[in-house]
Asks: 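Encoded as structure tokens, here's the structure I'll be asking about.
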Amino acid sequence: MVLLSPLLPFAELEVGKQFYWHIGNLHLHGQVFLSSWVVIGALLALVVVGTRSMQRDPSGVQNLLEFLWTYIRDLAREQIGEKAYRDWLPFIGTLFLFIFVCNWGGALIPWKLVEIPSGELGAPTADINTTVAMALLVSLSYFYAGLSRKGLRYFEYYVEPTPIMLPFKIIEDFTKPLSLSFRLFGNILADELVVGVLAFLVPVIVPLPAMFLGLFTSAIQALIFATLAANYIGEAVHEEHH
Amino acid sequence: MSSWLLLAASGAPEGGLFDLDATLPLMAVQVVVLTFLLNALFFRPVGRVVEDREGFITTSRAEAKQKLAQVQRLESDLAEQLKAARQESQKLIVEAEQEVDKLYREALALAQTEANASREKARREIEQQREQALAALAGESDRLGALIVNRLLPAQ
């Protein structure tokens, strides 16, 4: 689907066009990496600036970072539980922050000003590779969390509360990463498309509500992804009390 | 994953929405690296600061509570002492009042007995003098009567 408008080149919309990098036999989506480096750079810059001289009485960026930290801590503690949340706090927090800055970066940074040979820059989370990568990491994490905490007893989880649950629990292991990745990918891509189409049709004012809604959706999607990841890990490390 | 292998083999990727390729594992590596970076740069230092502060606040609160309890104990001690002192002073006042009353009554009784005594004495003196006077008067009248009788009788 390519919508072209000769009058408004910045409202041009390209879906499924990639900016390929070739490394040996491998193909990479260059636009995804470029934009992800920008948002990762911004995130790291914020973190470095905020933690440069931390005081007991916080001020400036430190306040923001501490707010984020406590927010993520509460999220992880609520979902994973008091005992194990500490090990997974950085992972959950990174997922949340990375997805959040990717989504907002995609919506707020004027990527159109940067010309690349093919495709277009945008939120890295609007690419299926990024979301599948993170969803598979979540799958690996909860398997690792369960196995490292409970050993082979982890597989008791599949037959609890009754062995009838076994097939459903096995299916769940596949649907979890699938739903995680497609939810995020679909929401962000759809948001970009809606804003793009509206901007293409009526370039002033009309896209603004969709843009605000997009910012809202972006934040919610980051929260959902992180919460679900934490919840899956929490399920895996949860001890049944008989 | 298989589509990525196929694409890699064919050499000419045509793109598309669901184009999975080497971007996926590299992005996963990137996220893992970012996790370690953020852990070192963000989660650990900020967590240390926040938890230090939480610890500081908890201990400060505990100390303040302890001090408050101490103050309340001292306050109740002082209140008790004050009450005891008030009772003591009240007792002293009552005692002093009773003492004064007793002294007053004693003095009054003494004065009354003295007054009674002197009044009695005076009365007795008056009585005595009256009796003397009456006796003297009676003697005199007897004498006068005899004188009158003497005067009248010889004349007849």
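Computation of the quantities below employed the complete heavy-atom set of this structure, encompassing side-chain atoms and omitting hydrogens, waters and symmetry-equivalent molecules. All values reported here derive from a predicted model rather than from experimental measurement.
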Asks: Donor-acceptor pair, W69(A) side chain versus V50(B) backbone, under 3.5 Å?
Replies: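 Not at all, since once roles are kept as given, no pair shorter than 3.5 Å links the two residues.
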
Asks: Counting only non-hydrogen atoms closer than 4.5 Å, does T130(A) touch chain B with its backbone (N, CA, C, O), its side chain (CB onward), both, or neither?
Replies: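 Both backbone and side chain.
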
Asks: Tell me, with the steps shown, if I40(A) and L37(B) meet side-chain contact (heavy atoms from CB on, under 4.5 Å).
Replies: CA-CA 10 Å; I40(A) 287 174; L37(B) 277 178; 5.9 Å; no

Asks: Is the count of non-hydrogen atoms from other residues, nucleotides or ligands lying under 6.0 Å from E115(A) atom CD greater than 12?
Replies: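 For E115(A), atom CD is not crowded (no more than 12 foreign heavy atoms under 6.0 Å).
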
Asks: Measure the spacing between CZ of F43(B) and CG of L97(A) and express it to the nearest 0.5 Å.
Replies: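 Interatomic distance, F43(B) CZ to L97(A) CG, rounded to 0.5 Å: 5.0 Å.
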
Asks: Looking only at heavy atoms, which two atoms of Q30(B) and F33(A) are closest? And how far apart?
Replies: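 That closest heavy-atom pairing would be OE1-CD2, 3.4 Å.
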
Asks: Where on I23(A) is there a heavy atom nearer than 4.5 Å to chain B: the side chain, the backbone, both, or neither?
Replies: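 For I23(A), there is no contact with chain B at all, as no heavy atom is under 4.5 Å.
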
Asks: Does the salt bridge (charged side-chain N to carboxylate O under 4.0 Å, His left out) test come out yes or no for R56(A) and E51(B), once each step is laid out?
Replies: CA-CA 10 Å; R56(A) 199 167 68 193; E51(B) 277 169 359; over 6 Å; no

Asks: Side chains of F98(A) and T35(B), heavy atoms from C-beta outward: is any pair under 4.5 Å?
Replies: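 No - every pair of side-chain heavy atoms lies 4.5 Å or more apart.
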
Asks: Quick one: closest heavy-atom pair of A28(B) and L137(A), and the distance?
Replies: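 So the two residues come closest at O-CD1, 3.7 Å.
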
Asks: Looking at A133(A) and M27(B), what are the two nearest heavy atoms and their distance?
Replies: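 Of all heavy-atom pairs spanning A133(A) and M27(B), the closest is CB-CB, 4.1 Å.
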
Asks: Determine the option with the most heavy-atom pairs under 4.5 angstrom with chain B, choosing from G50(A), P58(A), A126(A), P124(A).
Replies: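 Of the candidates given, the most pairs with chain B belong to P58(A).
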
Asks: Which bit of L46(A) is near chain B, if near means a heavy-atom gap under 4.5 Å: side chain, backbone, both or neither?
Replies: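 Contact with chain B involves no heavy atom of L46(A) at all.
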
Asks: For the residue pair L65(A) and V46(B), what are the closest heavy atoms and their distance?
Replies: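 So the two residues come closest at O-CG1, 4.1 Å.
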
Asks: For R86(A), is it the side chain, the backbone, both, or neither that has a heavy atom closer than 4.5 Å to a heavy atom of chain B?
Replies: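 Only the side chain of R86(A) comes within 4.5 Å of chain B.
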
Asks: Identify which part of Q55(A) has an atom lying under 4.5 Å from any heavy atom of chain B, answering side chain, backbone, both or neither.
Replies: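 The answer is the backbone of Q55(A).
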
Asks: Can you tell me if CD on Q66(B) sees more than 12 non-hydrogen neighbours from other groups inside 6.0 Å?
Replies: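 Incorrect, the count does not exceed 12.
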
Asks: Output the distance between atom CH2 (W21(A)) and atom CG (D21(B)), rounded to the nearest 0.5 Å.
Replies: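 Going from CH2 on W21(A) over to CG on D21(B), the span is 12.0 Å.
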
Asks: Minimum heavy-atom separation for T94(A) to V31(B), with atom names?
Replies: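 Closest approach of T94(A) to V31(B), heavy atoms only: CG2-O, 4.2 Å.
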
Asks: Roughly how far, to the nearest 0.5 Å, is the CZ atom of R53(B) from the CE atom of M54(A)?
Replies: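 Atom-to-atom, M54(A):CE and R53(B):CZ are 9.5 Å apart.
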
Asks: With a sphere of 6.0 Å drawn around CD of E78(A), does it hold more than 12 non-hydrogen atoms of other residues, nucleotides or ligands?
Replies: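 Open: at most 12 neighbouring heavy atoms sit under 6.0 Å from CD of E78(A).
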
Asks: Does a side chain donor of either D19(B) or H29(A) reach within less than 3.5 Å of an acceptor in the other side chain?
Replies: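 Yes, because at least one side-chain N or O of D19(B) sits under 3.5 Å from a partner of the opposite role on H29(A).
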
Asks: Measure the spacing between CD of Q18(A) and OG1 of T23(B) and express it to the nearest 0.5 Å.
Replies: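 That separation rounds to 7.5 Å.
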
Asks: For the pair R48(B) and E66(A), find out whether any cationic side-chain nitrogen is under 4.0 Å from an anionic carboxylate oxygen.
Replies: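 Result for this pair is no, no salt bridge flagged.
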
Asks: Determine the interplanar angle of the F18(B) and F182(A) rings, folded into 0 to 90°, and report it as parallel if under 30°, tilted if 30 to 60°, perpendicular if over 60°.
Replies: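 Answer is parallel, since the angle falls under 30°.
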
Asks: How would you list, in number order, the residues of residues 220-235 of chain A that have a heavy atom less than 4.5 Å from chain B?
Replies: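 So no residue qualifies.
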
Asks: Could you go through L38(B) and L43(A), starting from their C-alpha distance and side-chain angles, then the distance that decides it, and tell me whether this counts as side-chain contact (heavy atoms from CB on, under 4.5 Å)?
Replies: CA-CA 9 Å; L38(B) 281 184; L43(A) 186 57; 4.0 Å; yes

Asks: Compare every heavy atom of V132(A) with every heavy atom of L24(B), then report the nearest pair and how far apart it is.
Replies: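 That closest heavy-atom pairing would be CD1-CG1, 3.4 Å.
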
Asks: Need one label for F56(B): side chain, backbone, both or neither, based on atoms under 4.5 Å from any heavy atom in chain A.
Replies: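 The side chain, not the backbone.
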
